[in-house]
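Accompanying notes for the structure given below.
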Amino acid sequence: MFVDHEKPFRYKEGDLTVTRGSAWSGPGCHLGCGVLLYTDEEGKLVKVEGDPENPYNQGRLCPRCLDLPEVTNHEDRLLYPLKRDPTDRGKDTWKRIGWDEAFDLIELKFKEIKREYGPEAVLFMQGTGRDIAPYITRLCWSFGSPNFSLFLSGAACYVPRVIGLAGTVGAFLVPDCSQVHPDRYDNPEYCIPETIFIWGNNCVVSNSDGFFGHWVVDLMKRGSKIVVIDPKVTWLASKAAAHLRVRPGTDAALALGMLYVIINEDLYDHDFVDKWCYGFDELRERVQEYPVERVARITWVPEEKIITAARLLAQSKPAALEWGVAVDMTKEAIPAGQAISTLFEITGNIEVPGGMIVPPEILKYVGGWGKDLLPAEAAEKRIGQKKYPLFASEAQPDCIVEQLETGEPYRIHGAWIQTSNFLSCMAADPQRLYRAIKTIDFIAYVDLFMTPTAMALADVILPAATFPERNGIRLGDGAQRGETINKVTSIGECKSDMEINLELGRRFNPEAWPWETVEEMFTFLLKDDTGMTFEELQQKAPAYPPFEYHRHEKGMLRKDGAVGFNTATGRIELWSTFYQSVGLDPLPYFEEPSPGPGATPELMEEYPLVLTTGARTWSMFHSEHRQVKRMRALHPDPIIEVHPTTLERFGLRDGEWVWVENQFGRAKRKTVATPVIDPRMCSTDHAWWLPEGDPESFYDVFELNINNLVQWSPGKSGFGSNYKTALCKIYRIQEGE
Ligand SMILES: Nc1nc2c(c(=O)[nH]1)N[C@H]1C(S)=C(S)[C@@H](COP(=O)(O)OP(=O)(O)OC[C@H]3O[C@@H](n4cnc5c(=O)[nH]c(N)nc54)[C@H](O)[C@@H]3O)O[C@H]1N2
Ligand SMILES: Nc1nc2c(c(=O)[nH]1)N[C@H]1C(S)=C(S)[C@@H](COP(=O)(O)OP(=O)(O)OC[C@H]3O[C@@H](n4cnc5c(=O)[nH]c(N)nc54)[C@H](O)[C@@H]3O)O[C@H]1N2
Ligand code: SF4
Ligand SMILES: [Mo]
């Protein structure tokens, strides 16, 4: 199904050419909103507007997309490949080279390593990756290495929620905001959620994982209520029917307390549970460990609020859940996600209009592209797979760090790093990772800008294109539609990530990369899903695949065509046979975040505040945008938000520079006094570095990185880590420090 467009995808408006298409990376974002890109007669990108014809965002854009010309045309962009002598790592001694030399060098080095040590001795690492991720996995697996991953402890972003649901529901679930229908809220089958639970997610700012935050506002205007589970009074929380100000890292306890109310007050959907769920009696028994008064003590949420929220959920027909990375960023992320999703399962909100729906294609993305290219014996060597069998595609990040340090069971000699500035951003304990990764003989890096990670570690850097400089197709989270990214401009010698991967792929393994151009490769990918070529889709996008509700009742969720869900029992497994089979607790549970007030009370005297990190800001995508003047002006400094009484308690003032410190390390921040934060905690930005700083001190990254206070320490499943729960103290920075 298509949207009727008035004009072709490219047309003239006065002196300017307008090109319709989808946004994507870079600069980074998880979505692909409909954009109109305006270029002048010289082919320079001069303006970006939201595409009012695109049902996804209906003409709306965030500041970062509106300011795209500043990023694309930025004077600090990397314009051509660079090389540096490996003995010079950390020094600003880059030399310009041509693309042929860069590709030859990478091909030579990686093939040398493969010959001498085996393909597994090369890591292929991505950052948030976005629509580039599938080409990185294909590059990795077609090279023969099983070690594709990201330098994020416990892969604590999105993947825990995806894997968690795969192990219990057999599919991912997303809240139905009518995004699957081109006619959106007017679709006759659609029904708005009565209540939307926004859990550890600030979607109007972050627009994460395929979810455009403004849909919540649209739905509120149409009558939906919201419940917000967030320690902070966010803009959304200020509009909520109930705001549960949970202590960071205790979401599992809160969800189990709500389950206690729903089950013991007999508010669950008996019909759905009887027909479609497995293990309800065991769940009932488990939740008895979480009476509301205990949960209130653990979570800081008053008893009556827990009860109100639980009853509201059970009474809302339908109810939907929009959850975020806060659920993943605690060590026991899998049981936390399991407890939260169970709430929406036993209340019968699955596969109903306005509830939680299974989006098409999601697992295709998470599994990566090209897995069939990896020989079975190579997969056996995937780092961390013996310790953490849930890691079925990617190498386990914490195990990679250990292996880099010990060289056991084998040494890593090469690394391909694309879309990741991990020394500012992904890595826990970044200085530990820096020391570990320095041992690698050869590191190739692909980015838009020079970064602390590239300056510290890379031997060769390839300059990547921003999305207006390239073609592409939308592949990714919640991909309920076909979109194209359309090239409108060129900058320096930058190449798109896909061109780079195709060229290297052809050199590593020509059979796996049989395409002459990236457009041919896109057509290959599109054929199955849309039957269209890239050029055809370009004209007609967005394309919407057919969609139905209640697919579990129609045999549409399982490969064998049977009714039910894609699990061993054919039901939603409240007691997971899959977790049981890999030695994990089959039921959801709560474990105190450690360190934390519950697990390490002895540390509270020295580090009296609970710390959460990384709440997203409008103008910055992780470590990006620090050099983009208009975006930086909106958020010029790394800040720590603290309640005014807490600041007073520590003899500090608003707007002062402080050290935020705990037993693992410290980072510099500027205080912001604000009542939106609970006096027992504080919240701070992540991903800071100063592009205006000294390149050879890595742009101050080690002084500013809040992950100095976070350890590599995943949960029992290998998923989840404590990025959003730590302890800290704050104190004034002395002059000269
Ligand atoms: N303390 C704390 N730390 C966190 C978080 C937190 O909440 N708290 N959040 C974590 C999460 S959820 C994530 S996903 C990670 C993100 O970690 P990263 O993905 O490493 O973070 P980015 O800053 O987005 O780094 C991406 C790099 O890719 C470059 N880039 C952007 N677009 C493109 C492109 O199209 N091609 C190429 N080749 N490069 C591009 C950017 O310039 C940037 O240097 O950070 C994590 N770190
Ligand atoms: N502008 C912008 N957008 C982004 C990004 C960006 O860097 N900038 N990053 C992208 C990426 S990779 C991701 S993963 C997403 C993440 O996007 P979100 O999932 O929205 O994550 P955050 O903004 O880190 O945190 C969301 C909320 O969780 C609250 N919170 C903190 N700790 C806890 C906790 O323990 N429990 C609960 N319930 N809430 C808690 C915070 O106060 C915050 O309001 O955003 C994506 N979008
Ligand atoms: S969510 Fe915002 S930054 Fe991301 S593509 Fe849409 S408008 Fe652009
Ligand atoms: Mo993320």
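Owing to the predicted nature of the structure, the values given are computational and were not obtained by experimental measurement. Read the numbers this way: they start at 1 and go in the same order the structure lists the ligands and their atoms.
Salt bridge status for D497 with R130: absent, with no side-chain N to carboxylate O gap under 4.0 Å. Residues E592 and R247 are paired through a salt bridge, judged by an N-O separation under 4.0 Å between the basic side chain and the carboxylate.
Formation of a donor-acceptor pair under 3.5 Å by the T684 side chain with backbone atoms of I639 is found in this model. Of the possible polar contacts, one joining the N73 side chain to the P69 backbone as a donor-acceptor pair under 3.5 Å is found. When atom types are taken as modelled, the side chain of H243 and the backbone of K232 share a donor-acceptor pair closer than 3.5 angstrom. In this structure, the side chain of K724 engages the main chain of T613 through a donor-acceptor pair within 3.5 Å. Although no hydrogens or angles enter the test, the distance criterion places no donor-acceptor pair under 3.5 Å between the side chain of E591 and the main chain of E332. The main-chain N or O of L321 is never found under 3.5 Å from a side-chain atom of W199 such that the two would form a donor-acceptor pair. Under the 3.5 Å distance criterion, the side-chain polar atoms of T195 are left unmatched by any main-chain donor or acceptor of A319. R616 contributes no side-chain N or O that, together with a main-chain N or O of N201, makes up a donor-acceptor pair within less than 3.5 Å. Of the possible donor and acceptor atoms, one in the side chain of R64 sits under 3.5 Å from a partner among the backbone N and O of W618. Side chain of Y544 to main chain of V3: no donor-acceptor pair is present (N/O by atom type, distance under 3.5 Å, no hydrogens or angles).
At least one N or O atom of I229 sits closer than 3.5 Å to an N or O atom of ligand 2. For ligand 2, none of its N or O atoms has an N or O atom of K232 under 3.5 Å away. Between R64 and ligand 2, at least one N/O pair is under 3.5 Å apart. Taking distance alone, with nitrogen or oxygen atoms compared against 3.5 Å, A326 stays at or beyond that limit from ligand 2. Every N/O-N/O distance between P248 and ligand 2 stays at or above 3.5 Å.
Summary of contacts: the protein heavy atom closest to atom 8 (N) of ligand 2 is M620 O, 2.6 Å. For atom 4 (Fe) of ligand 3, the closest heavy atom belonging to the protein is C29 SG, 2.2 Å. With respect to atom 34 (C) of ligand 2, the closest heavy atom belonging to the protein is D251 OD2, 3.6 Å. In terms of protein heavy-atom proximity, atom 12 (S) of ligand 2 is closest to H622 NE2, 2.8 Å. When only non-hydrogen protein atoms are considered, atom 8 (Fe) of ligand 3 lies nearest to C65 SG, 2.4 Å. In terms of protein heavy-atom proximity, atom 24 (O) of ligand 2 is nearest to K724 NZ, 2.7 Å. The closest protein non-hydrogen atom to atom 31 (C) of ligand 2 is T612 OG1, 3.2 Å. Atom 35 (O) of ligand 2 has its closest protein heavy atom at G249 N, 2.8 Å. Counting only heavy atoms of the protein, atom 23 (O) of ligand 2 lies nearest to R616 N, 2.9 Å. The nearest protein atom to atom 47 (N) of ligand 2, hydrogens excluded, is given as S206 O, 2.7 Å; this is a heavy-atom distance.
Side chains of Y185 and D218: a donor on one and an acceptor on the other come within 3.5 Å.
Heavy atoms of N57 stay at 4.0 angstrom or farther from ligand 3. Within the 4.0 Å heavy-atom shell around ligand 2 one does not find N207.
Listed by number with element, the atoms of ligand 3 under 4.0 Å from a non-hydrogen atom of N207 are 1 (S). Near G324, with a cut-off below 4.0 Å to any heavy atom, the atoms of ligand 2 are 19 (O). Close contacts of ligand 2 with T234, meaning ligand atoms under 4.0 Å from a residue heavy atom, involve 44 (O). Heavy-atom proximity to A23, at under 4.0 Å, picks out these atoms of ligand 3: 5 (S). Close approach of ligand 2 to T617 is summarised as follows: ligand atoms under 4.0 Å from at least one heavy atom of the residue are 1 (N), 2 (C), 8 (N). With ligand atoms numbered from 1 in the order given, ligand 2 contributes 12 (S) to contacts under 4.0 Å with heavy atoms of T128. Under a 4.0 Å criterion applied to the non-hydrogen atoms of V205, ligand 2 contributes the atoms 1 (N), 3 (N). In summary, the atoms of ligand 2 found under 4.0 Å from a heavy atom of G614, numbered by their order in the structure, are 24 (O). Counting atoms of ligand 3 from 1 in the listed order, those under 4.0 Å from a heavy atom of R64 are 3 (S). Atoms of ligand 2 lying under 4.0 Å from any heavy atom of V246, numbered from 1 in the order shown and given with element: 36 (N), 37 (C), 38 (N).
Cation-pi check for R245 over W300 is not met; the charged atom does not lie both under 6.0 angstrom from the ring centroid and within 45 degrees of its normal.
Under 4.0 angstrom from ligand 2, the non-hydrogen atoms of N201 come from both its backbone and its side chain. Contacts between C33 and ligand 3, counted as non-hydrogen atom pairs separated by less than 4.0 Å, involve both the backbone and the side chain. Contacts between L61 and ligand 3, counted as non-hydrogen atom pairs separated by less than 4.0 Å, involve both the backbone and the side chain. If you look at C62 next to ligand 3, the close heavy atoms, those under 4.0 Å, come from the backbone and the side chain alike.
Of the residues listed (L254, I298, I306), the one engaging V246 in a side chain to side chain contact (heavy atoms under 4.5 Å, CB included) is L254, and it is the only one.
The option with the heavy atom closest to atom 30 (N) of ligand 2, from among P593, A336, P231, C157, is P231. Remark: among candidates D328, D230, I198, the nearest residue to atom 29 (C) of ligand 2 is D230, based on non-hydrogen atoms. Summarising the contacts of atom 11 (C) of ligand 2 with R245, M329, H30, H635, the nearest heavy atom is found in H30.
Closest heavy-atom contact between S594 and N722: O-ND2, 2.9 Å.
Checked against a 6.0 Å centroid threshold, the rings of Y158 and F172 count as neighbours. The ring of Y699 has its center no closer than 6.0 angstrom to the ring center of W688.
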Might you work through the ring pair (Phe, Tyr, Trp, His ring centres under 6.0 Å) test for F449 and H74, ending with a clear yes or no? CA-CA 9 Å; F449 289 93; H74 200 285; 5.6 Å; yes

